[in-house]
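Please read these numbers as outputs of a predicted model, since none were measured by experiment. Quick note: numbers below take in every heavy atom, side chains included, and nothing from hydrogens, waters or symmetry partners.
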Amino acid sequence: MNEFFSNLKLEKNFLGAVIFYFFVCTFFIAKYSYNKLGFDIVNQSLTSLFFVIVTLFLTIFYPNFSSKVRSRTIFISVLTAAVFAMIGIIYTVDINSLDVDRWSAFEIAVKSVLNQQYPYDKIDHLGGRTSNFPGLIVLGIPAYLFQNMGMFTVFSCLVFGFSLLKRFSREAALLVILLLFGSIPFWWEIYVVSDLLGNFLLLASFLLLAPTDFSNLKAWRIIGIAILAALIAYTRIPAAMLIGAYFFRQVIDLRNPSEVEIKKRGSKLVLAILIFCFTITLLTIWVFSLAPNRQTIEKYNPFLLQSSYLPTALNLFCGLLPFILLFLVRKEKLQLIKIAGISLAVPVLLSFAYTLNEHGWYACIYESKFDISYFNMALPFVILLITSSLPNTPHSKLPQHPTTE
């Protein structure tokens, strides 16, 4: 264990990621143990402390444990059990009694578009309106066909699990899903049939698997990647910023190759960006052409809703943050994952601090003046950083990935 902590000093990502992970989980424990179970501050603290101890125990002793078991078998078993548990919960819960409207906002958006109606002026079961961009509406169609929007997160978890096995060692992949499925925020997302975490699990999967050099790819693969990137980017503003950083990183990389390589890489990158923009344009025309008039679009659109949580100056800073971090975060295999974690955590922390200053702690946490579920956007990336930074984990280093070097 002494070796563990001595090596830990060298892992700069680990401490910050673990603190954020515990920070978010403790918030959920505090809020819902009080609101649902009536726990006082002492019981809230004891519950949080128990969670922290168990998670630290798992993390510290995981290297010894993982070397003695069949990690792939356990990984598949845990993922399968979690999927069945998720399906059981989302089809059992009385969704109309929930005081969270993400599922109904998601459903009304998909239903409206499939019925050739403008989605952004429709009212959900709590009287709110959807802020989902067209890309998320398209990605939500399979879940709608299953008659439960919670299936979106189930599908996202399966995609995320596949990406872990492709990109990580089996031991590291197992730790990722143990930390994910062992977190309170994850199961809160499942219980309230939210699409938020599923959205960013898909984004994490894309950033893990998508190549950052198109030089040796055939045109059909580049087209497929660009269309998928457009769909994921056009889900929420933070996703768009990070997909933008994904392409901008490739533009930056054009500074290094020879003139011949620049032409080869540059032409394929231009193809990808053109297909990306064309897909965004098609989605925009498809959805916004359903509005009865221009005034409806100006009054009801997802851009207004998603940009209303922070002052304009801070929104601008947060939008530029992923691009700034490309020059500040060392280029490595998980550069984009680290950038994503920081870029998603900072705006939420700023919004939380702003609301905390305005309303105070009790109103923020226990009276829901601030929606703590927005912290969940960064959760997949934080967990990936914890795992990749963990010292002494067998094969914890990612396998060589020629497209990310």
Side-chain angles (χ1 to χ4, degrees), residues 12-13 17 135 160 163 166-168 199-219 221-280 316-347 377-378 380-382 384-385 388-389 397-405:
K12 297 178 181 179
N13 301 329
F160 187 62
S163 69
K166 291 289 290 184
R167 193 72 171 87
F168 280 85
N199 189 168
F200 288 92
L201 286 173
L202 286 181
L203 176 60
S205 301
F206 179 86
L207 294 180
L208 282 175
L209 295 180
T212 55
D213 180 0
F214 295 144
S215 300
N216 300 317
L217 297 183
K218 294 181 179 180
R221 286 195 65 191
I222 296 174
I223 292 171
I225 292 168
I227 292 173
L228 183 58
L231 286 173
I232 295 175
Y234 214 10
T235 54
R236 285 181 165 89
I237 291 175
M241 296 300 99
L242 290 167
I243 293 295
Y246 163 75
F247 283 112
F248 188 58
R249 171 178 163 173
Q250 297 188 57
V251 174
I252 295 173
D253 289 344
L254 292 176
R255 298 178 302 176
N256 300 322
S258 64
E259 184 176 348
V260 175
E261 290 175 325
I262 288 177
K263 289 182 179 180
K264 183 179 179 181
R265 292 185 65 174
S267 61
K268 293 193 174 183
L269 178 57
V270 168
L271 172 63
I273 293 174
L274 287 175
I275 296 297
F276 175 86
C277 294
F278 179 71
T279 305
I280 294 289
L316 181 61
F317 167 73
C318 294
L320 294 175
L321 185 58
F323 302 94
I324 297 171
L325 290 173
L326 280 171
F327 298 97
L328 300 178
V329 175
R330 183 168 60 91
K331 186 178 178 182
E332 54 187 1
K333 297 181 180 70
L334 283 181
Q335 182 195 32
L336 288 174
I337 297 297
K338 188 187 297 186
I339 289 172
I342 297 170
S343 301
L344 293 171
V346 167
M377 294 190 296
F381 305 95
V382 167
L384 289 170
L385 289 175
S388 63
S389 304
K397 296 292 184 181
L398 290 174
Q400 291 298 315
H401 197 292
T403 61
T404 59
E405 290 298 304

With sequence neighbours excluded, residues passing side chain to side chain donor-acceptor pair (under 3.5 Å) with [X]:
{"X": "Ser343", "value": "none"}
{"X": "Gln335", "value": "Arg249"}
{"X": "Tyr246", "value": "none"}

Please output the side-chain donor-acceptor pairs of residues 267-278 that fall under 3.5 Å, not counting sequence neighbours, one pair per line with the distance.
unit_1, atom_1, unit_2, atom_2, d
Ser267, OG, Lys263, O, 3.0
Ser267, OG, Lys264, O, 2.9
Lys268, NZ, Ser215, O, 2.8
Lys268, NZ, Leu217, O, 2.7

Just verifying a value: how many Å separate [X] [atom1] and [Y] [atom2], rounded to the nearest 0.5 Å?
{"X": "Met241", "Y": "Leu320", "atom1": "CE", "atom2": "CG", "result": "8.5 Å"}
{"X": "Leu334", "Y": "Ile339", "atom1": "CG", "atom2": "CD1", "result": "11.0 Å"}
{"X": "Ile324", "Y": "Phe317", "atom1": "CD1", "atom2": "CZ", "result": "5.5 Å"}
{"X": "Arg265", "Y": "Thr212", "atom1": "CZ", "atom2": "OG1", "result": "7.5 Å"}
{"X": "Lys166", "Y": "Ser205", "atom1": "NZ", "atom2": "OG", "result": "13.0 Å"}

Mind checking side-chain contact (heavy atoms from CB on, under 4.5 Å) for Thr235 and listing every partner two or more places apart, or none if nothing turns up? Leu136, Leu139, Asn199, Ala239
Taking C-beta and beyond as the side chain, do [X] and [Y] meet within less than 4.5 Å on heavy atoms?
{"X": "Leu202", "Y": "Leu231", "result": "no"}
{"X": "Ile243", "Y": "Leu203", "result": "yes"}
{"X": "Phe248", "Y": "Pro322", "result": "no"}
{"X": "Leu336", "Y": "Leu208", "result": "no"}
{"X": "Leu242", "Y": "Leu344", "result": "yes"}

What pairs of residues pass the salt bridge (Lys or Arg N to Asp or Glu O under 4.0 Å) test when at least one of them lies in residues 236-245, not counting sequence neighbours?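 The answer is Asp195-Arg236.
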Output all residues satisfying ring pair (Phe, Tyr, Trp, His ring centres under 6.0 Å) with Phe381, sequence neighbours left out; order by chain, then residue number.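 In terms of ring pair (Phe, Tyr, Trp, His ring centres under 6.0 Å), with neighbours along the sequence ignored, Phe381 is linked to no residue.
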With sequence neighbours excluded, tell me which residues meet ring pair (Phe, Tyr, Trp, His ring centres under 6.0 Å) with Phe214.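 Scan of Phe214 (ring pair (Phe, Tyr, Trp, His ring centres under 6.0 Å), adjacent residues dropped) gives none.
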Which atoms form the tightest heavy-atom contact between [X] and [Y], and what is the distance?
{"X": "Ala378", "Y": "Ala345", "value": "CB-N, 4.1 Å"}
{"X": "Leu326", "Y": "Ala245", "value": "CD1-O, 3.6 Å"}
{"X": "Ala229", "Y": "Phe206", "value": "CB-CZ, 3.5 Å"}

Can Asp253 and Asp213 be said to form a side chain to side chain contact (heavy atoms under 4.5 Å, CB included), step by step? CA-CA 9 Å; Asp253 289 344; Asp213 180 0; over 6 Å; no
